[in-house]
> 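The structure is given below, and queries will be raised subsequently.
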Amino acid sequence: MQSASLSNNGEAPTGAGRIQRAGSLAEDVYEAIFAQLMSLKIAPGSRITVDNLVKEFDVSHTPIREALGRLEGEGLVLKTHLIGYRAAPQITRRRFDELYEMRLLLEPHGAAKAAATMDEAKLGTLLEAAGVMSRREGKDERLRYSNFARQDAIFHDRIMEYAENELIRETLGFQHTHFHIFRLMYHSRVTEEALDEHEAILAAFGSADPDAAAKAMRAHIEHSRDRLLPAFD
Ligand SMILES: [Zn+2]
């Protein structure tokens, strides 16, 4: 995923939405719309008009339609025949509770298993993923937030890969739950505090300590839940 480069090219922040050209046009358009959805600039449930995006980004219809199709596959955009596109509604409180119950059942266990088989190469990959998240360069806050959400999904997915149960890994990745969780609230607190919790998980992996890894993962998921709960007030 080359998308992080969009926010890392050191250019001045963009205004309403003109695309910063970094990767391919299709990729940049996708990232820009993804960032607007994740940061709630496009409100959950609201109509998305292709013509408006064409004007806003000053591109043709093709990359916009491609991006919306990809976002539809990720559950962030819904398409209704003859009506068009709209942003997916927020997840319900009930689905939120279900998601966190599932994560608490599966991820601490997965972290313990990953810690038991941790090696230099795996640890390096996880440190790299965590490092990308902590980067502060890039002045577009919305892009930074959406990049963080994507990178956090990759970080957690890698840990489950190292836990070596593909069914659990697929179950957690199903419906791109990370995106829906991060979209509940657009606030720097969501990302800043998670960085410290990731450090604790990485420290447990560094000492290949399954119990500490499970404990750190549990604490991270519980804190993540508590950070996002106010979204339902
Ligand atoms: Zn995380």
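Predicted model, so just to flag it, every value in this text is computed and none were measured. Atoms considered below: every heavy atom in the structure, side chains included; atoms not considered: hydrogens, waters and symmetry mates.
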> Counting N and O atoms only, with roles assigned by atom type, does the side chain of Ser39 sit under 3.5 Å from a partner on the main chain of Ala35, one being a donor and the other an acceptor?
yes
> Can a salt bridge be assigned to the pair Glu197 and Arg227 using a cut-off of 4.0 Å between side-chain N and carboxylate O?
yes
> Using the test ring-ring contact (aromatic ring centres under 6.0 Å, His included), find all partners of Phe96 that sit at least two apart in sequence or belong to another chain.
Tyr100, Phe232
> Who passes salt bridge (charged side-chain N to carboxylate O under 4.0 Å, His left out) against Arg65, sequence neighbours left out?
none
> Salt bridge or not between Glu98 and Arg94? Use side-chain N to carboxylate O under 4.0 Å.
yes
> List the residues meeting ring-ring contact (aromatic ring centres under 6.0 Å, His included) with His176, not counting sequence neighbours, and say none if there are none.
Phe179
> List for me each residue that meets side chain to side chain contact (heavy atoms under 4.5 Å, CB included) alongside Ala200, sequence neighbours excluded, and say none if there are none.
Ala216
> Using the side-chain contact (heavy atoms from CB on, under 4.5 Å) rule, take Arg103 and His178 through it: C-alpha gap first, then chi angles, then the decisive distance, then the call.
CA-CA 11 Å; Arg103 291 191 67 187; His178 254 82; 3.8 Å; yes
> Which residues pass the side chain to side chain contact (heavy atoms under 4.5 Å, CB included) test with Leu127, not counting sequence neighbours?
Leu123, Leu202
> I need the full list of ring-ring contact (aromatic ring centres under 6.0 Å, His included) pairs touching residues 194-219, with sequence neighbours left out, sorted by first then second residue.
Phe155-His198, His156-His198, His198-His220
> Can you list the residues that meet the side chain to side chain contact (heavy atoms under 4.5 Å, CB included) rule with Val54, with sequence neighbours excluded?
Val50, His61, Ile64
> Applying side-chain hydrogen bond (donor to acceptor under 3.5 Å, both in side chains) as the test, list every pair that has at least one member in residues 108-120; sequence neighbours left out.
Thr117-Lys122
> Which heavy atom of Arg218 sits nearest a heavy atom of Leu104, and at what distance?
NH2-O, 3.4 Å
> Going by side chain to side chain contact (heavy atoms under 4.5 Å, CB included), name the residues that satisfy it together with Ala212, two or more places apart in sequence or in a different chain.
Ala204, Asp209
> Below 3.5 Å, can you tabulate the donor-acceptor pairs from side chains in residues 74-86 to any protein atom, sequence neighbours excluded?
| unit_1 | atom_1 | unit_2 | atom_2 | d |
| --- | --- | --- | --- | --- |
| Glu74 | OE1 | Tyr30 | OH | 2.6 |
| Glu74 | OE2 | Tyr30 | OH | 3.0 |

> Check salt bridge (charged side-chain N to carboxylate O under 4.0 Å, His left out) between Arg93 and all other residues, then give those that pass, not counting sequence neighbours.
Asp97
> Hey, could you give me each pair passing salt bridge (charged side-chain N to carboxylate O under 4.0 Å, His left out) that has a residue in residues 166-186? Not counting sequence neighbours.
Asp157-Arg169, Glu161-Arg169, Glu166-Arg169
